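First comes the structure, then the notes that go with it.
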Amino acid sequence: MAEAADFQGMGHSPARRWLRRTASVLAGAPLLAGLLAGTAAPAAQAAPTATGSRTVHVSLDTLAPSAPVKGDTLTVSGTVTNTGKNTITDAQVDLRVGPRMYGRTAIDDAAERTSTSGDVAPIGGKYKVKIPKLAVGIPQDFALSVPVSKLGLGQDGVYQLGVSLTGQTSSAPYAQVLGIQRTFLPWQPDATEEKTQLTVLWPLISSTRLSAETGSDDQQTPVFENDDLAEELAPGGRLEQLVSLGSQLPVTWVIDPDLLATADAMTKNYQVRSGDTTVPGKNQAVATKWLDTLEKAVQGGKVVALPFADPDLASLAHQGKDVSGALSHLQPATDVAGKTVETILHVKPSVDFAWPVDGAIDPSIVDVATSAGAHKVITRSDSLQDNLPYTPAAARPIGGGTTAVVADTRLSTAFQGDMSAAGASTLAVQKFLAQSLAVTLQDPENQRSVVVAPQRMPSAAQAQSMARALRGLDSERWTEPSDLLAAAAATPDSDATTKVPASSRYPKKLRDQELPTDVFLDIKKTQERLDNFKAILSAPDRVAAPFGNAIGRAMSTSWRGEPEKARQYRGTVENYLVGLATEVKLIPKSVLTLSGRSATIPVTVQNQLLQGVQNLVLRLKSDNPTRLKLDGDRAVAERPIKIDGGHSQSVKFTGAGNANGPVQVTAQLYTVDGTPYGSPMTFQVKVSEITPTVMLVIAGGVLLLVLAGVKMYSQRKRAVARKAAAEDAEDTEDTDGGDDTEDGTGADGTARDTQRTDRARAAEDTDPGQASDPTPNTGPESADASGAGEKVDR
């Protein structure tokens, strides 16, 4: 473990420093034992033995100044609460200054101590607060002000400070310590010669809010899963506080570009999912103000951009690396990260850092981190442990051109608890300052670079506590601010470990929170579906960006501890993509009858998208090519497909039937690379073939009908003509009684000929067999004998 002994070293070379530190450890062991037993400071008297139980809770709400100097007055305020069963009388609140702490481990031990025995005597005198009566359950405020000169502080270092309540109860009517709260007082009135280079990461990371869905308008209006981000961006919200506080502190901004992209989307028109529909978002002003404030805050500072959506590197390394394509998302996430930050904040970030969860690493995590393009991995000293009596510099070369930037675990985890109560915040701030001074005093002649990597998503209260602690270092008496890039480039400590811990040492608690392999299998399926969908679109960029980002968000670190929400998000992305993809489909067909030797088989493709589709092929397959062939003599025929948005296309194939009977036909869309697109559509074709013999029979029948009609027409015409001739003969006989001149007829019979001609013409005009007749007579032929010289067809 780093800082195994936590004592000061005096030498200059690493070997000599190590020997001197070892000697210090051996020499200081008896002293440390005495300190842990509660040895008083030289100026303090031994306290009377406390015999009462700890029945009073003491809260230290303020301690100012947090790191006093000579001439200051220390002010301590807070509350005392009787948590026992009896009223406390004759009580008083006192301040107790314990001995100087030697080393960081001693600070940890003192912070965990709960016993009320073995403490030094209070300062006493007028520096106390009397409380005649303390009722059960009712908090009582107190405030103490003591000149620093009265505290008995000696050599530079960290001192234990206790605030106690002494009193008596009816069951124990004598003075005793009934409650005490301990904290630490860093004492470094003058600046050290070699100050610790302190780098503090200031993370701007949030959970996923944006879905893959966008509007159909030209702006592609984004759809949010919820509008909760507005609460974090609004005044007093978590992210607003981080930006407001960070703008006044010497920190390195560590930003998830997805947060910037989401906030930027909120500055314009956006929709929020509400049940099965969406409603307009109304927080454009909040997002705009936050981004404007952040842009001003980061100018001139150092900004580190994590890969887009902050992918869970450990989950990828342990659960996803064997899933094809899972790691391929990392490099694009890094590429888009820098562009996003530069576009929105107008600063050029560093994209060379990877930050696994809690800084825990093993060889597989390092491999995954570097595959994203990072050459520097932010880890923590509880992962990359040292067996040194001091805290070494943060930078460590771990092979392959990769640098591990080792954050200090104690300082990084100082504010992980609930900081909403003033007492908890004050204790955390004082312990942070104490540990930072202890690091410097370990080896005051050797300047080192120390990194603080806090929790990924600090609450507003945690951010405020961190800010208080950093402001306590403003005087720069033992630390001075640095940045992450400088810390990574600092000269490594040759004695510090560079061996990455084995996978077996990865914390079980963190492994249990990892995204399971099923997550990466789901992501793979969605990515494959997206690739197929993009391949057919005339404007693929409209879906590539929103779905690509959503797939990246599906493997975000923010899903740790939220498996059900993560599953729902992935399901929403997949379902929306499936819904879009099925807008391009084949229209189902009913049974089709193919009569004759060949015919056209139509298949309709429908595109209900708002953009056109292309690079599609429609294939038609006959399941029985012996009975039904397509496009000549083939079992499979295909046609290229290109359809504008909102249109349909009817594609025609030629089918040739060779034998009667039903045939199953399958239609399937494919992308140009041969990947099936959508579901196949099957329908049945009933083949009804007409052979040459049948055609001859039909043709012969038609010819016979035509000949019969001609014969009937001829016979009717001759019959009418015979009838007209007979009538002419009768008329002639009726006029033969006189001579020719009397009836007006010349000798040559011209008038009679003219009469016959007129009658014959009249008979022809009234022939019922003419084509102009509205109802031709198709009755039976005359049974009379045929005239001489006519051919009668029987």
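Keep in mind that what you see is a predicted model, and the values were worked out from it rather than measured. Every heavy atom of this structure was used, including side-chain atoms; hydrogens, water molecules and symmetry mates were not.
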* To do: Decide side-chain contact (heavy atoms from CB on, under 4.5 Å) for S350 and L485; before the verdict, give the C-alpha distance in whole Å, the side-chain angles of both, and the deciding distance to 0.1 Å.
  => CA-CA 8 Å; S350 171; L485 278 69; 4.2 Å; yes
* In Å and rounded to the nearest 0.5 Å, what is the CE to CG distance from M457 to L259? ->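 Separation between the atoms: 10.5 Å.
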* How many angstroms lie between atom CG of L484 and atom NZ of K302, to the nearest 0.5 angstrom? -> 10.5 Å
Salt-bridge test for [X] and [Y]: reply yes if a basic N is under 4.0 Å from a carboxylate O, no otherwise.
X	Y	answer
D382	R380	yes
K130	D90	no
D190	R477	no
D109	R104	no

When you check the side-chain N and O atoms of [X] and [Y], is any donor under 3.5 Å from an acceptor?
X	Y	result
T391	Q442	yes
S206	E232	yes
T479	T196	no
T73	S145	no
S381	R410	no

* Residues E445, E193; criterion side-chain contact (heavy atoms from CB on, under 4.5 Å); working and verdict -> CA-CA 7 Å; E445 298 179 358; E193 184 176 347; over 6 Å; no
* T403/R396 under side-chain contact (heavy atoms from CB on, under 4.5 Å): CA gap, chis, key distance, verdict -> CA-CA 5 Å; T403 299; R396 318 280 179 86; 5.8 Å; no
* Could you check L441 against W478 for side-chain contact (heavy atoms from CB on, under 4.5 Å), going step by step and ending with a plain yes or no? => CA-CA 9 Å; L441 295 179; W478 64 87; over 6 Å; no
